[in-house]
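The shown structure was predicted, so the numbers you read here are calculated from the model rather than taken from an experiment.
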Amino acid sequence: MADLDAIRARLLAFRDERDWKQFHTLKNLIISLNLESAELLELTQWKTDAQLDALKSDPGFREALRDECADVLLYLLLVADDAGIDLLDAAQAKIAKNAARYPVEQAFGSARKYTELKDAARKKPDA
């Protein structure tokens with residue numbers, strides 16, 4: 001499997017061969033990332049979780065899902081490149097931040113946001 005640096009280098013070469021960098025402002029890249037995310041979301045529109053689980057084995061759906069996931073990743077790589085963000089470092093830092101926000105003893109089995117978890121923890125009577 002290619003690493004992110006290799007994919008980014010190939011993507012930047014693809015972009016530069018076509019002289020598209022002129023269109024790739026941070027704003028335009030973020031807009032494009034969101035448009036591609038919406039196309040990914042559109043694949044789920046009006047479908048139940050059970051229908052989506054069944055579609056995972058459908059070759060046509062899998063190809064569409066794969067393509068949209070790739071589009072999101074590629075635009076995210078361009079956003080990060082433009083902003084000077086190392087995505088792997090950012091992801092590691094975010095996981096660490098989320099681990100602090102969502103301690104296992106408070107978050108286990110809960111879909112609450114970290115602010116709600118803190119409020120609930122403060123309201124618990126001392127044992």
Side-chain angles (χ1 to χ4, degrees):
M1 181 162 91
D3 65 13
L4 284 181
D5 288 333
I7 293 169
R8 180 176 40 248
R10 187 170 175 197
L11 176 61
L12 294 177
F14 175 90
R15 176 202 64 195
D16 293 344
E17 288 169 352
R18 288 153 181 82
D19 191 27
W20 288 351
K21 186 173 171 52
Q22 62 182 313
F23 308 115
H24 287 186
T25 65
L26 185 59
K27 178 189 75 119
N28 288 344
L29 291 170
I30 291 172
I31 289 170
S32 296
L33 171 64
N34 279 275
L35 292 171
E36 293 301 337
S37 296
E39 289 180 20
L40 180 63
L41 182 60
E42 186 178 26
L43 295 175
T44 70
Q45 188 177 27
W46 315 121
K47 294 175 182 71
T48 66
D49 288 341
Q51 289 171 320
L52 288 170
D53 283 342
L55 281 170
K56 288 182 199 175
S57 61
D58 175 84
F61 179 81
R62 288 188 56 78
E63 182 178 359
L65 183 63
R66 181 178 184 233
D67 286 349
E68 297 308 334
C69 285
D71 286 341
V72 169
L73 174 63
L74 295 174
Y75 273 111
L76 183 59
L77 285 170
L78 289 169
V79 167
D81 183 74
D82 188 79
I85 295 169
D86 181 314
L87 281 175
L88 294 179
D89 286 346
Q92 293 287 359
K94 185 63 177 183
I95 291 169
K97 186 183 284 188
N98 284 342
R101 286 181 174 170
Y102 295 93
V104 172
E105 61 275 3
Q106 292 176 15
F108 187 83
S110 173
R112 290 182 178 174
K113 188 171 178 175
Y114 68 93
T115 51
E116 295 175 53
L117 292 173
K118 283 182 183 179
D119 290 342
R122 283 190 209 118
K123 292 177 183 176
K124 270 189 181 174
D126 292 331

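- Taking Leu40 as the reference, Leu43, Leu65, Glu68, Cys69, Val72 meet the side chain to side chain contact (heavy atoms under 4.5 Å, CB included) condition, with sequence neighbours excluded.
- For residues 54-66, the set of pairs meeting the side-chain hydrogen bond (donor to acceptor under 3.5 Å, both in side chains) definition, not counting sequence neighbours, comprises Asp53-Lys56.
- Phe14 and Leu29 fall into different hydrophobic clusters, where Ile, Leu, Val, Met, Phe, Trp and Tyr side chains are chained together by heavy-atom contacts under 4.5 Å.
- Looking at residues two or more places apart in sequence or on another chain, you find a side chain to side chain contact (heavy atoms under 4.5 Å, CB included) between Gln106 and Pro103, Leu117, Ala121.
- The side chain to side chain donor-acceptor pair (under 3.5 Å) test applied to Asp5 returns Arg8, not counting sequence neighbours.
- Residue pairs meeting the side-chain hydrogen bond (donor to acceptor under 3.5 Å, both in side chains) criterion with at least one member in residues 86-103: none, sequence neighbours excluded.
- Put simply, CG on Leu26 and CG on Leu78 are 11.0 Å apart, with the number rounded to the nearest 0.5 Å.
- If you take CG on Leu73 and CG on Leu4, they are separated by 6.5 Å, rounding to the nearest 0.5 Å.
- Screening residues 12-21 for side-chain hydrogen bond (donor to acceptor under 3.5 Å, both in side chains), with sequence neighbours left out, gives Asp19-Gln22.
- Residue Ile31 shares its hydrophobic cluster (ILVMFWY side chains chained together at separations under 4.5 Å) with Leu35.
- Side chains of Leu74 and Ile7 form a contact here, defined as non-hydrogen atoms less than 4.5 Å apart.
- Residue pairs meeting the side-chain hydrogen bond (donor to acceptor under 3.5 Å, both in side chains) criterion with at least one member in residues 24-34, sequence neighbours excluded: Thr25-Asn28.
- Pairs of residues two or more places apart, or lying in two chains, never qualify as ring-ring contact (aromatic ring centres under 6.0 Å, His included) while including a residue from residues 25-79.
- Counting non-hydrogen atoms of other residues, nucleotides and ligands closer than 6.0 Å to CD of Glu42 gives a total of 12 or fewer.
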